[in-house]
Amino acid sequence: MFDRELNMDSIFHEKQEGSLCAQHCLNNLLQGEYFTPVDLSSIAHQLDEEERMRMAEGGMGSEEYRTFLQQPSGNMDDSGFFSIQVISNALGVWGLELILFNSREYQSLMINPINEKAFICNYKEHWFTIRKLGQQWFNLNSLLTGPELISDTYLALFLAQLQQEGYSIFVIRGNLPECEAEQILGIMRVQQQQRPRLIGEDEAQTSAGRSAAMNQAEMSFGVENEVVDDDEELKKALALSRQDIDVEDEEADLRRAIQLSMQGAVMSNKSSESEVGNVKSGSQAAGSSAGGQKEGQNETLTAEELRKRRQAYFDRQQQQAQPNIPQQPNTRSTTDSENTGSEVDKQQKPSQ
């Protein structure tokens with residue numbers, strides 16, 4: 001018993017080389033290496049000569065004839081392209097003819113496509129074959145990595161799709177030469193587990209994968225460099241921040257010391273608890289305003305200048321506060337003053 005997947009290997013399938021799709025189309029149709037570029041070139045030259053002779057009948061000295069001689073061949077070019085006339089003449093050697101699929105003559109016959117033997121499809125300069133082998137249809141496009149199985153249901157849809165895309169489709173009429181694939185596939189139908197891909201698609205994906213990997217490596221290398229640069233910048237930023245923090249700490253200490261000193265001086269001149277609270281809140285507001293003014297002035301001062309000014313301020317406050325100490329003991333006021341004084345001393349000692 002034949003392996004259904006291996007039966008595909010019996011199908012002759014020429015893959016694309018250069019622009020020789022007309023040659024591949026014919027050989028895939030006939031299922032063998034029947035035509036070479038030289039054979040098709042000979043047919044093209046023969047057609048060119050026949051056209052030249054017809055033009056010469058109008059006079060070899062005519063303008064039309066001279067223009068025809070200057071024009072390149074319409075049946076072939078250096079890339080390997082061959083015209084429909086070349087393909088038609090090549091098939092004529094085997095007694096085969098072409099009929100335009102969407103012509104009125106053919107459409108009037110209302111033949112189901114699955115009852116035909118083969119089709120040749122052309123779009124711009126590309127040719128390929130669709131052929132029945134055994135009881136199954138195959139797309140033998142030379143741009144594919146292998147034959148593609150087409151179901152009977154999908155055949156009509158596939159042909160309609162090709163027409164929509166601009167393909168010209170020709171029906172092959174006549175007896176095709178016998179081939180091995182016809183005999184094998186006539187015994188057993190095949191199943192295709194994986195459809196063929198376009199030639200170069202795998203290579204393109206591999207190249208794309210390699211390019212992506214290289215780009216990733218380059219990006220990683222760039223990121224590492226950026227991380228190193230970022231670390232250096234971060235260190236510089238931290239150093240500058242520490243300097244700013246030192247200055248800000250000095251300014252904050254000065255403001256707190258000023259507020260506490262002012263509170264102590266004001267509380268020592270008041271006896272009532274309620275008045276102490278009112279004066280205290282007023283002193284805090286004044287202290288905040290004074291602190292704001294000091295902050296604006298101290299932004300341009302160095303840490304050493306701030307220390308000197310703060311020390312001078314404390315000396316003045318101590319000299320002014322000594323004559324104003326109340327003589328009569330007031331438990332709450334004395335306690336608040338002592339607490340305030342101790343806090344001032346605590347703030348004063350570290351700065352000294």
Side-chain angles (χ1 to χ4, degrees), residues 2-40 79-82 84 86-88 90-91 93-94 96 98 101 113-114 116-152 154-155 157-159 161-162 165 167-172 174-206:
F2 294 104
D3 187 286
R4 294 188 176 186
E5 193 70 28
L6 292 177
N7 288 343
M8 297 284 289
D9 296 338
S10 64
I11 301 175
F12 180 86
H13 179 253
E14 273 189 0
K15 297 180 179 64
Q16 188 74 20
E17 292 183 8
S19 299
L20 298 175
C21 52
Q23 171 197 320
H24 305 320
C25 174
L26 289 170
N27 288 340
N28 289 340
L29 171 68
L30 300 173
Q31 284 294 286
E33 297 180 358
Y34 290 93
F35 290 100
T36 66
V38 175
D39 298 330
L40 298 179
S79 68
F81 168 76
F82 295 98
I84 180 64
V86 174
I87 293 177
S88 179
L91 291 176
V93 176
W94 294 90
L96 302 171
L98 300 173
F101 177 71
I114 63 174
E116 297 291 355
K117 297 177 180 179
F119 300 93
I120 282 181
C121 307
N122 168 248
Y123 178 69
K124 294 185 177 179
E125 297 184 354
H126 183 62
W127 297 90
F128 73 92
T129 293
I130 302 172
R131 176 174 170 168
K132 179 189 281 186
L133 292 167
Q135 298 300 317
Q136 294 175 288
W137 284 90
F138 297 90
N139 176 9
L140 303 179
N141 194 333
S142 59
L143 292 177
L144 296 175
T145 56
E148 180 184 21
L149 179 63
I150 301 176
S151 66
D152 291 350
Y154 183 65
L155 177 63
L157 296 174
F158 185 46
L159 294 174
Q161 179 185 353
L162 291 174
E165 293 176 358
Y167 275 85
S168 298
I169 302 174
F170 301 90
V171 182
I172 305 297
N175 295 320
L176 292 166
E178 294 183 359
C179 62
E180 179 185 7
E182 181 74 25
Q183 295 173 357
I184 294 175
L185 298 178
I187 300 173
M188 176 175 285
R189 298 173 67 88
V190 299
Q191 294 179 353
Q192 192 168 41
Q193 302 297 331
Q194 186 175 3
R195 293 191 176 278
R197 305 167 73 92
L198 288 172
I199 292 177
E201 188 174 353
D202 293 333
E203 290 81 354
Q205 289 182 351
T206 303

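Treat the numbers as computed from the prediction; the structure is a model and nothing was measured.
Taking every heavy atom of both residues into account, Ile199 and Lys15 meet most closely at CD1-CB, 3.7 Å. Contact record, Gln23 with Pro37: OE1-CD, 2.9 Å, taken as the closest heavy-atom pair. The nearest pair of heavy atoms linking Ala22 to Leu40 is C-CD1, 4.4 Å. When all heavy atoms are compared, the tightest approach of Leu149 to Trp137 is CD1-O, 3.5 Å. Contact record, Phe35 with Ala90: CZ-O, 3.4 Å, taken as the closest heavy-atom pair.
Remark: Asn27 CG to His13 NE2 distance equals 11.5 Å, nearest 0.5 Å. To the nearest 0.5 Å, atoms CG (Asp152) and NZ (Lys132) are separated by 7.0 Å. Going from atom CD1 of Ile150 over to atom CG of Asn139 covers 4.5 Å, rounded to the nearest 0.5 Å. How far CD of Glu14 is from CD of Gln31: 10.0 Å, rounded to the nearest 0.5 Å. Taken from CG in Leu20 to CZ in Phe81, the straight-line distance is 12.0 Å, to the nearest 0.5 Å. The CG atom of Asp9 sits 9.5 Å away from atom CD1 of Ile184, with the distance rounded to the nearest 0.5 Å.
Here the rule is side-chain contact (heavy atoms from CB on, under 4.5 Å) with Leu140, and of Leu29, Ile11, Ile130 only Ile11 fits it. Checking each of Asn175, Leu26, Leu176, Ile120 against Leu96 for a side-chain contact (heavy atoms from CB on, under 4.5 Å) leaves exactly one that passes, namely Leu176.
Under a cut-off of 6.0 angstrom, the local environment of OH in Tyr154 is crowded, with over 12 non-hydrogen atoms contributed by other residues, nucleotides or ligands. Heavy-atom neighbours of Glu33 CD from other residues, nucleotides or ligands within 6.0 Å: at or below the threshold of 12.
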Does the side chain to side chain contact (heavy atoms under 4.5 Å, CB included) test come out yes or no for Cys21 and Gln16, once each step is laid out?
CA-CA 6 Å; Cys21 52; Gln16 188 74 20; 3.7 Å; yes

Cys25 and Asn122: side chain to side chain contact (heavy atoms under 4.5 Å, CB included), yes or no, with the steps?
CA-CA 10 Å; Cys25 174; Asn122 168 248; over 6 Å; no

After noting the C-alpha distance and the side-chain angles of Phe170 and Ile87, does the key distance pass the side chain to side chain contact (heavy atoms under 4.5 Å, CB included) rule?
CA-CA 11 Å; Phe170 301 90; Ile87 293 177; over 6 Å; no

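Counting heavy atoms from C-beta outward, Glu148 and Pro196 have side chains that approach closer than 4.5 Å. Thr145 places none of its side-chain heavy atoms less than 4.5 Å from the side chain of Leu198. Pro113 has its side chain within reach of Phe119: a pair of non-hydrogen atoms, C-beta onward, lies under 4.5 Å apart. Between Leu98 and Ile172, some side-chain heavy-atom pair lies under the 4.5 Å cut-off. Side-chain contact between Trp127 and His24: absent, with no pair of heavy atoms (C-beta onward) separated by less than 4.5 Å. Two residues are said to be in side-chain contact when any heavy atoms from C-beta on lie closer than 4.5 Å; Val190 and Phe138 meet this criterion. In this structure, Leu133 and Cys179 have side chains that are in contact, with non-hydrogen atoms separated by less than 4.5 Å. Counting heavy atoms from C-beta outward, Tyr34 and Pro177 have side chains that approach closer than 4.5 Å.
Checked against the 6.0 Å centroid threshold, Phe128 and Tyr167 count as a close aromatic pair.
Here Glu182 pairs with Arg131 under the salt bridge (Lys or Arg N to Asp or Glu O under 4.0 Å) rule; sequence neighbours left out. Taking the side-chain hydrogen bond (donor to acceptor under 3.5 Å, both in side chains) definition, one finds that Ser168 meets it with nothing, sequence neighbours left out. Residues satisfying the side-chain hydrogen bond (donor to acceptor under 3.5 Å, both in side chains) test with Asn141, not counting sequence neighbours, are His126.
Side-chain N or O atoms of Gln192 include one that pairs as donor or acceptor with a backbone N or O of Pro147 at under 3.5 Å.
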